[in-house]
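Being a predicted model, the structure only gives us computed values, none of them experimental.
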Amino acid sequence: MQRDATRIEWIGNSCRLLKATAAEFAKTQPFGGLTIGTGIHLEPKTVALLMTLRAGGARLVCTGNLNTTQPSTVEFLRSQRITVFATETTDPVTHHKSLEAVVAEKPDLLLDNGGDLFTIAAESPYAGLLGGTEETTSGCTRLLPLREKLGMPILIINDSPIKQFAENRHAVGQSLFESYMRFTNRSTNGKRVTVFGYGACGKGTAACFRNAFSSVSVVDIDPVTALEANLDGFSTPLRGEAISSADVLITVTGVAGIVTAADLPLIKDGAILMNGGHFPHEIDVAAFRQHPDVVRIDRYEADRIESLHLKDGRCFHILGGGHMANLAGPRPLGNSVESMDLGFTLQARCLERVARREVGAESCIVPVPKDIDAMVASAYLDLVRSESAANMRRTS
């Protein structure tokens, strides 16, 4: 009998490491009697993580991130009797209410993505919060000034070397390249691409566009990092030249105000602007829209493309309203399954460590413990090796 399977099932069956972790958690119940509040992109790969946590005994209260919530994912989670406050919204006020609703449930652990939940918890502290995890560089930067207020173990997933190379360098580069193609259906061959930021995400993005036959420039405010980009074979012009020469401008810094309305005189006719950072503030889209030199905006709603026409005849384009491009626009797929399987297993193991009270307040806003990195890496390699051995037996 033929059955229509779902994308959520496809992703869940592809997350081999999370499946193995869920089977272990079902026996050990590290989250028995605990509530985990989550604020993370709600898309099919997140379901695999959330179901792993529930297998470990957790009660879940969830919301998403701005502009990335997928209604089919919310519907599935609710069908599994998981509390979800998220709506598909680009309105910061509406989104903030959903974050407050999660914290109002007084969860024992928080799984944060951008520092939203921990910021609310710092402003309105409650008894029983054990700590949790933060996914991103943006969130870590936001939470560091609150370290004294928080005073609890918060493990930063983005500081894991596994997260840096598996997800940030390899997967973000691939998914931003794929998203550029999905949004525009335009080639990259011979295009001049400027990448702002040469951290792990910037490295992967620059490499993927160069591999697709683009001429890639890198801008980074740190001269040592810019030197690294130069020695990696990328041109490193001054900022003004990098903007004025670019057919495509990509921000992946985690910092606000990277490309602003002040740059309008520099932007090339026909240029495409896209953001890969967590928050939609690296490109100041609102200021561009309101600029007096913008005489008309054409919106291709189904494709989430805006074309801004200027008085002097130039036109440039913004993808996904400046939101994270690999989870915005038509058919938002995000990073690869394998990278998120690794990253989400790090999340699960870090939450397990906090739930078992095996880290204390001295671990407030610190990297993933090295033994967890080693555990996750070994588990993934064991899966790869066992599959390879099985294939050899079949063919011998």
Side-chain angles (χ1 to χ4, degrees), residues 136-138 141 158 163-184 186-260 263 266-268 270-285 288 316-320 322-329 334-336 339:
T136 66
T137 297
S138 302
T141 301
N158 202 61
K163 173 76 159 57
Q164 287 289 308
F165 61 69
E167 188 176 337
N168 293 358
R169 190 169 81 229
H170 290 301
V172 170
Q174 283 183 333
S175 64
L176 285 178
F177 169 73
E178 181 272 333
S179 297
Y180 168 84
M181 299 294 291
R182 173 168 47 84
F183 270 103
T184 68
R186 291 186 178 180
S187 75
T188 55
N189 305 66
K191 295 289 195 305
R192 297 179 68 88
V193 175
T194 290
V195 176
F196 289 89
Y198 201 63
C201 293
K203 287 180 173 71
T205 302
C208 282
F209 277 85
R210 178 168 64 183
N211 291 343
F213 307 102
S214 298
S215 175
V216 180
S217 299
V218 170
V219 176
D220 197 293
I221 60 171
D222 184 336
V224 176
T225 304
L227 172 62
E228 181 184 9
N230 184 271
L231 296 180
D232 285 345
F234 298 103
S235 62
T236 51
L238 293 175
R239 185 177 180 280
E241 181 188 342
I243 294 174
S244 63
S245 64
D247 300 301
V248 183
L249 295 102
I250 306 171
T251 56
V252 275
T253 70
V255 178
I258 299 302
V259 180
T260 72
D263 298 314
L266 299 173
I267 295 174
K268 186 177 179 180
I272 292 170
L273 280 60
M274 64 186 291
N275 171 48
H278 177 75
F279 287 115
H281 59 201
E282 298 199 27
I283 300 170
D284 194 348
V285 177
F288 279 123
F316 67 97
H317 317 283
I318 299 173
L319 305 185
H323 290 271
M324 190 185 303
N326 58 0
L327 279 169
N335 291 334
S336 63
S339 71

Between [X] (side chain only) and [Y] (backbone N and O only), is there a donor and an acceptor less than 3.5 Å apart?
{"X": "N211", "Y": "A207", "answer": "yes"}
{"X": "S214", "Y": "T188", "answer": "yes"}
{"X": "D220", "Y": "Y198", "answer": "yes"}
{"X": "T194", "Y": "A242", "answer": "yes"}
{"X": "K268", "Y": "S244", "answer": "no"}
{"X": "S339", "Y": "S336", "answer": "yes"}
{"X": "N275", "Y": "G277", "answer": "yes"}

Can you find a heavy atom in the side chain of [X] that is under 4.5 Å from one in the side chain of [Y]?
{"X": "V193", "Y": "F234", "result": "no"}
{"X": "M324", "Y": "H278", "result": "yes"}
{"X": "L273", "Y": "F288", "result": "yes"}
{"X": "Y180", "Y": "V248", "result": "yes"}
{"X": "R182", "Y": "E178", "result": "yes"}

For a side-chain contact (heavy atoms from CB on, under 4.5 Å) check, start with the C-alpha distance between I272 and R186, then their side-chain angles and the critical distance, and finish with the verdict.
CA-CA 11 Å; I272 292 170; R186 291 186 178 180; 3.8 Å; yes
Just wondering, more than 12 heavy atoms not from I221 lying within 6.0 Å of its CD1?
no
Is it the case that atom CG in L238 sees more than 12 heavy atoms from other parts of the structure closer than 6.0 Å?
no
When rounded to the nearest 0.5 angstrom, what is the spacing between [atom1] in [X] and [atom2] in [Y]?
{"X": "T253", "Y": "I258", "atom1": "OG1", "atom2": "CD1", "value": "3.5 Å"}
{"X": "L266", "Y": "R239", "atom1": "CG", "atom2": "CZ", "value": "7.5 Å"}
{"X": "N335", "Y": "Q174", "atom1": "CG", "atom2": "CD", "value": "9.0 Å"}
{"X": "C208", "Y": "H170", "atom1": "SG", "atom2": "NE2", "value": "9.5 Å"}

Give the minimum heavy-atom separation between [X] and [Y], together with the two atoms involved.
{"X": "F183", "Y": "A325", "answer": "CE1-O, 3.4 Å"}
{"X": "I267", "Y": "A271", "answer": "CG2-CB, 3.8 Å"}
{"X": "T236", "Y": "A226", "answer": "CG2-O, 3.4 Å"}
{"X": "R210", "Y": "V216", "answer": "N-CG2, 3.6 Å"}
{"X": "V218", "Y": "A206", "answer": "CG2-CB, 4.3 Å"}
{"X": "V252", "Y": "E282", "answer": "N-OE1, 3.6 Å"}

If we count only N and O atoms by modelled type, under 3.5 Å, do the side chains of N326 and S179 hold a donor and an acceptor together?
no
What's the verdict on side-chain contact (heavy atoms from CB on, under 4.5 Å) for L249 and F316, showing C-alpha distance, side-chain angles and the deciding distance?
CA-CA 11 Å; L249 295 102; F316 67 97; over 6 Å; no
